[in-house]
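Here is the structure we will look at, set down as structure tokens.
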Amino acid sequence: MTGAKRKKKTMIWSKIHNPQCEDIIQWCRRRLPILDWAPNYNLKENLLPDTVSGIMLAVQQVTQVFFTGLAFAVLSSVHPVFGLYGSLFPAIIYAIFGMGRHVATGTFALTSLISANAVERIVPQNIQNLTTQSNTSVLGLSDFEMQRIRVAAAVSFLGGVIQVAMFVLQLGSATFVVTEPVISAMTTGAATHVVTSQVKYLLGIKMPYISGPLGFFYIYAYVFENIKSVRLEALLLSLLSIVVLVLVKELNEQFKRKIKVVLPVDLVLIIAASFACYCTNMENTYGLEVVGHIPQGIPSPRAPPMSILSAVITEAFGVALVGYVASLALAQGSAKKFKYSIDDNQEFLAHGLSNIVSSFFFCIPSAAAMGRTAGLYSTGAKTQVACLVSCIFVLIVIYAIGPLLYWLPVCVLASIIVVGLKGMLIQFRDLKKYWNVDKIDWGIWISTYVFTICFAANVGLLFGVVCTIAIVIGRFPRAMTLSIKNMKEMEFKVKTEMESETLQQVKIISINNPLVFLNAKKFYTDLMNIIQKENACDQPLDDISKCEQNTLLNSLSNGNCNEEALQPCPNEKYSLILDCSGFTFFDYSGVSMLVEVYMDCKGRNVDVLLAHCTASLIKAMKYYGNLDSEKPIFFESVSAAISHIHANKNLSKLNDHSEV
């Protein structure tokens, strides 16, 4: 009896707790994406491409990772060696918690520049002489250098805590208010700040650290006032380095399809510059600033100083917001390119933990790196395994090459930073695109850029978001909605004129609100859900005809795209007519989403026709989506669109009879 009772209790206990265990497992898989894709990892299909990609990424990008790590550490006002650690640990943590399969994290110019404000404020240069002679047991560096990296690590730690707190509060869904023009303007303005901060190294000028409001202009004012102190040797070496980097990188880009391994110009330049500096003794002869001693290996972990967290809270918020926004844009771009989904809240957790854990290893704040992410694209990576493979090579480089770079001129590192920001700086070309699509977005770009230049990246980001929301709120009350009565009358007229066979394969959906960044994702989700419901293969004809009139966008909440929402029935071609008479205004995000709907439907054998389009909408869609060469998709009315479908159907039948 005792054994039977125990068995019964065990069965009851199992029934009670199994659902909880399943919930825990699901939660772990959701918060640790590596547990989701790693057990299902296809060794035959993915291991070889990931390994090859990781090795090629190591050949192409390890030198960039290594030397940009050095450069961004200098940008963050800490010893260059700490940038190397920031290129390793964040990438490993993000591979475990991040959802971007083609996103590589590490040192980032914008977060480095923000953390430099805290470093220079709390540990300024004028106290260096007091601590230079005293060396610590950690890496053999001076107390001055260790004080500086502790401040940067504190910024990284608190920034990560803020990101994790935003994950707990589920604020990822609120990132839809950060539009593409705002991100583009903010990153371009911040890149301009970074280039400005490197002017003193490019010219070889000794100058105090300048920051704060209008600091951008004060730096150039100081340079022009002290133009006679420019070191000609540093200027010539900087110009030569920039020219070589730009030329070789452009040639690599032009011939990347013909050559398997591109020339690691960063490595060649570093070796040549270091060798030339050593042979000519430029440090003593010409007064060139060099990197100096770089410790070998990785230090033991140590907690960042908690006593100064309150003093770096402003920079921590800047790191948390700017780093996350720039990283999310890259993650969403990779997800869209390779057809998988990204959880905005999970990205908060991934980047937050990357900053928190890395701060214990003397790392500066990190974020997704544009250059290394592009490297994962070009080398054919399938998963984060490629990034982990490249991390192994980074670790080898840290132990093998680091101590050999004593004679590396700092002006060459500054040149690497400037050339590495090319992708952000050329976003000025987006101005033409925004002008042709929506001039208000063009104005937001300009104003956000100006605020970023005059103040800081986080101030520019905040201004851009507030300005965008204010403009949308001001435009929404003036929006006119579609008259359902007129739509019903028109629909009845179409039904009486067209045969039922044609009408059965036509879906009419009216857009009853403006389409802007606030509701663009919701528009896509609602549209895909309606089409999924309408295209059910087993749905009777009567049920189909009842659902031809639908209304969209009743709320402004965010939504997630459904990749399988639009699946037409086999051997049947459907036509979707969007009545845009209620589409009173739009912005860049709305036009891009409308073009995306058109391209998705086209790829799934569904024709999309737009009726009642304004001239500005037609112009914007043609410019954005390059639709000039496509077959006609814009019509004056729904009746005209259905007539076009009917005529094509009759022509198709005639061609079929001719073939017979």
Compute whether any side-chain donor of one residue and acceptor of the other, for [X] and [Y], lie under 3.5 angstrom apart.
X: S76; Y: S115; result: yes
X: E347; Y: Y94; result: yes
X: S274; Y: Y406; result: no
X: N345; Y: Q170; result: yes
X: Y220; Y: T196; result: yes
X: E120; Y: S211; result: no
X: Y340; Y: S334; result: yes

Is there side-chain contact between [X] and [Y], with at least one heavy-atom pair below 4.5 Å?
X: E289; Y: E283; result: no
X: P299; Y: F361; result: no
X: V161; Y: I356; result: yes
X: L461; Y: V178; result: yes
X: F317; Y: N458; result: no
X: Y324; Y: M166; result: no
X: F217; Y: L214; result: yes
X: L269; Y: V248; result: no

Going through the distances and angles, do V290 and M282 end up as a side chain to side chain contact (heavy atoms under 4.5 Å, CB included)?
-> CA-CA 9 Å; V290 297; M282 290 185 183; over 6 Å; no

Whether [X] side chain and [Y] backbone form a donor-acceptor pair below 3.5 Å:
X: S327; Y: A368; answer: yes
X: E315; Y: N117; answer: no
X: N355; Y: H351; answer: yes
X: R148; Y: D143; answer: no
X: T452; Y: A457; answer: no
X: H193; Y: L113; answer: no
X: T192; Y: T188; answer: yes
X: Q427; Y: M424; answer: yes
X: Q163; Y: A320; answer: yes
X: S366; Y: G86; answer: no

For L88 and I298, run side chain to side chain contact (heavy atoms under 4.5 Å, CB included): C-alpha distance rounded to whole Å, both residues' side-chain angles, the deciding distance at 0.1 Å, then the answer.
-> CA-CA 11 Å; L88 175 66; I298 297 176; 3.9 Å; yes

Where do [X] and [Y] come nearest, in terms of heavy atoms and distance?
X: M146; Y: F82; answer: SD-CZ, 4.0 Å
X: V155; Y: P365; answer: CG1-CG, 4.1 Å
X: A191; Y: L421; answer: O-CD1, 3.8 Å
X: T448; Y: V182; answer: CG2-O, 4.1 Å
X: L237; Y: L288; answer: CD2-CD1, 4.3 Å
X: V119; Y: S77; answer: CG1-O, 3.5 Å

Could you give the distance from [atom1] ([X]) to [atom2] ([Y]), rounded to the nearest 0.5 Å?
X: F108; Y: I114; atom1: CZ; atom2: CD1; answer: 9.0 Å
X: Q147; Y: L141; atom1: CD; atom2: CG; answer: 12.5 Å
X: L239; Y: L202; atom1: CG; atom2: CG; answer: 8.0 Å
X: T187; Y: L425; atom1: OG1; atom2: CG; answer: 9.5 Å
X: S358; Y: I364; atom1: OG; atom2: CD1; answer: 10.5 Å
X: T105; Y: I92; atom1: OG1; atom2: CD1; answer: 9.5 Å

Taking the six-membered ring where the residue is Trp, are the ring centres of F463 and F451 under 6.0 Å apart?
->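 Yes, the ring of F463 comes within the 6.0 Å limit of the ring of F451, centre to centre.
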
So, for Y85 and F362, is the gap between ring centers shorter than 6.0 Å?
->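 When the ring centroids of Y85 and F362 are compared, they turn out to be at least 6.0 Å apart.
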
Is it true that atom [atom1] of [X] has more than 12 heavy atoms of other residues, nucleotides or ligands lying nearer than 6.0 Å?
X: Y286; atom1: OH; result: no
X: Y218; atom1: OH; result: no
X: Y222; atom1: OH; result: yes
X: Y278; atom1: OH; result: no

Using a 3.5 Å cut-off and no angle test, enumerate the donor-acceptor pairs between side-chain atoms of residues 407-416 and protein atoms at least two apart in sequence or in another chain.
residue : atom : partner : partner atom : Å
S415    : OG   : S238    : O            : 3.4
S415    : OG   : C411    : O            : 2.9

Could you check M186 against V322 for side chain to side chain contact (heavy atoms under 4.5 Å, CB included), going step by step and ending with a plain yes or no?
-> CA-CA 9 Å; M186 183 271 294; V322 173; 3.8 Å; yes

Kindly determine whether F89 and F360 satisfy side chain to side chain contact (heavy atoms under 4.5 Å, CB included), including the steps that lead there.
-> CA-CA 10 Å; F89 292 104; F360 285 81; over 6 Å; no

